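These figures come from a predicted structure and were not determined experimentally.
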Amino acid sequence: MIETLIANKIMAKFGGAIMFQKYLIPLCIVAIIYLVSTSDALTNVSAGLAILLFGMLSLGSGFRVFNGGFLENLLTSSTSTAVKSITFGTIATAVMQSSSLVSVLSISFVSAALLSLTQGIGVMFGANLGNSAGSWLIAGVSGMKISALALPLIVGGVLFNFQSSKASKGIGQILIGIGFFFLGVGYIKDGFEEYKEVVDFSQYSMEGLYGVLLFVGLGALMTAIVQSSHATLTIIISAFAAGSMSYENALAATLGTSVGGVMTAVIVSLSTNIDGKRLAVANCIFNFSIVLLVIATFDYFVLINSSISTLLGLEENSVLRIAVFHTLFNLVGVVLMLPLIPKIATLLESIMKDKDSQVDKPLYVNDTIVQYQDTAFIALTHEVYHLYENAFELISHALGFSRQDIKSQDKIDDVLKARIWAKEDVDIEIFYIKKIKVLFNAILDFSTEVQAHTQDKVYIYKFAMLTSASRHIVEAIKNMELLQPNLKKNSLSKNQILSNEYNALRTHLAILLRSIEEINIDEELHPQVAIVKLKAQKKAFKRIDKDSILNIESMLSKKEISVPSGTSLLNAVGFSHNIAKELANAMIQIQKTRLELDENQNELEKNINDGSVSE
C-alpha cells in the first residue's frame with residue numbers, strides 16, 4: 001500500500017515531464033519543421049544553421065579520435081602556471097574550433113582531480129579567448145564562394161571515412177566537419193542576402209544603452225538555444241554583411257554570445273563533483289564580468305575597436321571588424337582576470353562547499369569523460385582507491401581500531417593493549433549501503449560505458465582489472481560482516497586463550513591494512529615490488545589459516561576451549577583469511593594496471609588472450 005502511494009506521488013510529480021519528453025517535444029519538432037517549410041527565408045537560414053551545427057559535431061568527433069591521450073597528456077603537462085593554462089586553452093580552442101570540447105575536458109579533469117581548480121580556471125579563460133578565432137574564420141570565409149571549398153572537403157572526408165583505419169576515419173570526420181561548417185556559413189549568408197527584407201534585424205535597431213542590452217540579450221538567447229557561439233556568430237556576421245543589422249547592434253549581439261556560451265559548461269558541470277561546478281561558476285564569472293564591463297563602457301570599446309580596425313586597414317563595413325571586437329573584449333577580460341585567478345579559486349572553494357551527506361558519492365568518475373580512455377582510466381583508478389579508503393575505514397572500525405591507529409607508527413600490539421576496543425561499534429550493513437554499494441555501482445556503470453567507447457584491448461583489460469579490484473574490495477567487506485558478530489564478544493572473553501586467538505586475528509588484519517597503506521603512499525615503489533609484497537601477505541595469511549586449524553584442534557583436545565567456541569574460531573579464521581586474500585588481490589590488480597604498457601605489452605596481451613583477468 002505504501003509503495004503504491006509513493007509510486008503515485010512520483011508519477012504525479014514526474015508525469016508531466018515524461019509526457020513532455022514523450023509527446024510534446026516530438027510535436028514541437030514537427031511544428032518547427034512545418035513553420036520552416038512555409039518560409040523560404042527561414043528554410044535557408046535554419047538549414048544553414050543545422051548544417052553548421054552538424055559540421056561542429058563532426059569536427060569534435062574527428063578530434064576525439066586523435067586525442068588518444070595526447071590532448072589529455074598535453075593538458076596536464078602544459079598548465080603548471082596560470083599563463084601556461086590560458087595559453088593552452090587559447091591554442092587548443094583555436095585549433096579545434098570548439099570551446100565546448102575544451103570546456104568539457106577542463107571540467108572533467110578538474111572533477112577527476114587531474115587538474116587543480118586554478119589550472120582549470122586558466123584553461124577556461126583561455127578557451128574564451130581562443131573562441132574568438134572562430135569569428136575570424138567565419139568573417140574571413142563569408143565573402144568567398146563557400147560551396148567551391150566545402151563540397152570537395154565533404155567528398156574527401158566521406159572517402160576517408162570509408163577507410164578501415166582509425167586515423168583515416170578521424171581525418172574523414174574532421175574534413176566532413178570543416179566542409180559542413182563552411183557549407184552552413186554559406187547557406188546562412190545566402191539566406192540573409194536573398195531575404196534580408198524578411199530576416200531583418202534592423203527593424204529592431206535601437207540606439208544607446210537599451211539597444212546594447214536588447215542585442216546582448218538576443219545574442220545570449222540564440223547562443224543558449226543552439227548551444228554554439230559559432231552558429232550565432234555566423235548569423236550575426238551574415239546579418240551585418242547583408243545590411244540587416246547595424247554595426248553597433250552586431251557588436252552588442254557578439255558580446256551576448258559570451259553570456260549564452262556559458263550554458264554548455266554549466267550543463268556539463270551538473271553531472272560532476274563540486275570542483276567541476278566551481279569551474280563552471282568561474283567561467284560564468286569571467287564572461288558576466290567582461291560583458292558588464294563592456295556594456296558600461298560600450299562607446300569606448302566601439303571607439304577602440306574602430307581605431308584598431310582602421311590601423312589594420314579594414315573598411316568601415318568590413319565584417320572583420322566584428323572579429324576584432326570579439327577578440328578585443330576577450331583579450332581585455334583575460335588580462336584583467338589573470339592576476340585574480342588564485343583569488344577566484346580560493347573564493348569559490350570557500351563559498352561553494354560540498355553538502356554534507358551520510359551517503360557517499362563518486363568523486364572522480366562521470367559521464368563527461370567516458371570518451372577519453374586515458375582520462376577515464378586515471379579517474380577510475382582514483383575512484384577505486386576512494387572505494388578502498390571507505391573499506392579501510394569500515395574494516396578498521398570493525399576490528400576495533402581507528403584509521404589513525406592503523407596509519408600511525410605505533411606497534412599494533414601496543415595499540416591493542418592501550419585501547420582494547422573502540423568506543424562505538426560500526427553498523428557494517430548501513431555503512432555498506434551508504435559508502436560502499438553506491439561507489440561500487442558507479443564504478444561498474446562507468447567501466448562498462450568506457451569499455452564500450454574504446455577498441456584498445458589493453459585498455460579494456462586494464463578497466464576490467466580495476467572493476468575486478470573493486471569486486472574484491474566488496475567481497476572483503478562481506479567477509480568482514482560475517483566476522484564482526486563474534487569478534488568483539490570473543491576478543492573480550494573471560495577465557496584468556498580464546499581472547500588471545502581473536503585478538504591475534506585483529507592484529508594480523510591491522511598489520512595487513514598498515515602494509516597496504518605503506519604501499520599506497522610510497523609513490524617511488526615500483527608496482528612489481530608492490531605486487532611481490534602483497535603476494536607475500538597473502539601467503540602469510542594462508543600459513544596462519546593452516547596453522548590455526550592445528551592450533552584449534554590442539555586447544556579442543558586439551559579442552560582449553562569449548563567445541564562451539566572452536567567452531568566459531570575456525571569460521572573467524574576463515575573469514576579473516578578471505579578478507580586478507582580479497583584486499584591483497586584488489587591491490588595486486590590495481591598495481592598491475594600501473595605497470596608501463598611498453599614493458600608489459602606481451603604479458604597483458606597474453607592475459608587478454610587467455611581471458612585471465614581475476615587473480
> G157 and L175: which non-hydrogen atoms are nearest, and at how many Å?
CA-CB, 3.7 Å
> Looking only at non-hydrogen atoms, find the nearest pair between I154 and I176 and report the distance.
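For I154 versus I176, the nearest heavy atoms are O-CG1, 4.1 Å.
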> Once the angle between the rings of Y247 and F240 is folded into 0 to 90°, is it parallel (under 30°), tilted (30 to 60°) or perpendicular (over 60°)?
tilted
> A345 and L117: which non-hydrogen atoms are nearest, and at how many Å?
O-CD2, 3.8 Å
> Just jot down the side chain to side chain donor-acceptor pair (under 3.5 Å) partners of T467, sequence neighbours excluded, or say none.
S447
> Is the shortest heavy-atom distance from the side chain of W136 to the side chain of T327 under 4.5 Å?
yes
> Hey, could you give me the CG/CD1 distance between L129 and I91, rounded to the nearest 0.5 Å?
10.5 Å
> Would you call V334 and F286 a side-chain contact if the rule is heavy atoms closer than 4.5 Å?
yes
> State the CZ-CG distance between F329 and N305, to the nearest 0.5 angstrom.
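Reported value, rounded in 0.5 Å steps: 10.0 Å.
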> Do Y461 and T593 make a side-chain contact, defined as non-hydrogen atoms from C-beta onward lying under 4.5 Å apart?
no
> Give the minimum heavy-atom separation between V319 and A241, together with the two atoms involved.
CG1-CB, 3.7 Å
> Give a yes or no answer on whether the side chain of S468 reaches the backbone of A464 with a donor-acceptor pair at less than 3.5 Å.
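Looks like no, no N/O pair under 3.5 Å.
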> Which of these passes side-chain contact (heavy atoms from CB on, under 4.5 Å) with V365: L380, D445, V384?
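Output: one option passes, namely L380.
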> Looking at CD1 of I121 and CD1 of I86, how far apart are the two atoms once the value is rounded to the nearest 0.5 Å?
10.5 Å
> Between L233 and T254, is there a side-chain heavy-atom distance shorter than 4.5 Å?
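Contact flag for T254/L233 side chains = yes.
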> Among pairs that include at least one residue of residues 279-295, which meet side chain to side chain donor-acceptor pair (under 3.5 Å), considering only residues two or more places apart or in two chains?
N128-N283, N128-N287, N283-N287
> Which one of T310, L312, L251 satisfies the side-chain contact (heavy atoms from CB on, under 4.5 Å) criterion with R321?
T310
> Provide the closest heavy-atom pair for Q589 versus M465 in the form atom of the first, atom of the second, distance.
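Heavy atoms only, the tightest pair is OE1-O, 3.4 Å.
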> Strictly distance-based, threshold 3.5 Å: is any side-chain N or O of Q119 a donor or acceptor partner for the main-chain N or O of A82?
no
> Can you measure from CG (N131) to CG (N330) and round to the nearest 0.5 angstrom?
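It is 7.5 Å, given to the nearest 0.5 Å.
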> Quick check: closest heavy atoms across I590 and A469, and the distance to 0.1 Å?
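Nearest heavy atoms, I590 then A469: CG1-CB, 3.9 Å.
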> Would you please say whether a donor-acceptor pair under 3.5 Å links the side chains of S135 and H326?
yes
> Whether K169 engages the ring of F160 as a cation-pi pair (distance to the six-membered ring centre under 6.0 angstrom, angle to the ring normal within 45°) should be assessed.
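No, cation not above the ring by the 6.0 Å, 45° rule.
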> Quick one: are I171 and N161 in side-chain contact, heavy atoms under 4.5 Å?
no
> At what distance, to the nearest 0.5 angstrom, does CD1 of I322 lie from CG of L255?
12.5 Å
> Set out, in order, the CA-CA distance, both residues' side-chain angles and the distance that settles side-chain contact (heavy atoms from CB on, under 4.5 Å) for Y364 and I378, then state yes or no.
CA-CA 9 Å; Y364 307 102; I378 297 172; over 6 Å; no
> Within a strict 4.5 Å, meaning less than it, do heavy atoms of the H386 and L439 side chains meet?
yes
> Apply side-chain contact (heavy atoms from CB on, under 4.5 Å) to residues V83 and F88 and explain how you reach the verdict.
CA-CA 9 Å; V83 174; F88 174 84; over 6 Å; no
> Does T381 use its side chain to pair, donor to acceptor, with the backbone of F377 at less than 3.5 Å?
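Looks like yes, one N/O pair under 3.5 Å.
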> Test your reading of the model: is there a side-chain donor-acceptor pair from S85 to the backbone of G122, 3.5 Å cut-off?
no
> State, yes or no, whether a side-chain contact exists between E383 and F446 at a heavy-atom distance under 4.5 Å.
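SC-SC contact between E383 and F446 ruled out.
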> Check whether any side-chain heavy atom of V216 lies under 4.5 Å from a side-chain heavy atom of F298, and answer yes or no.
no
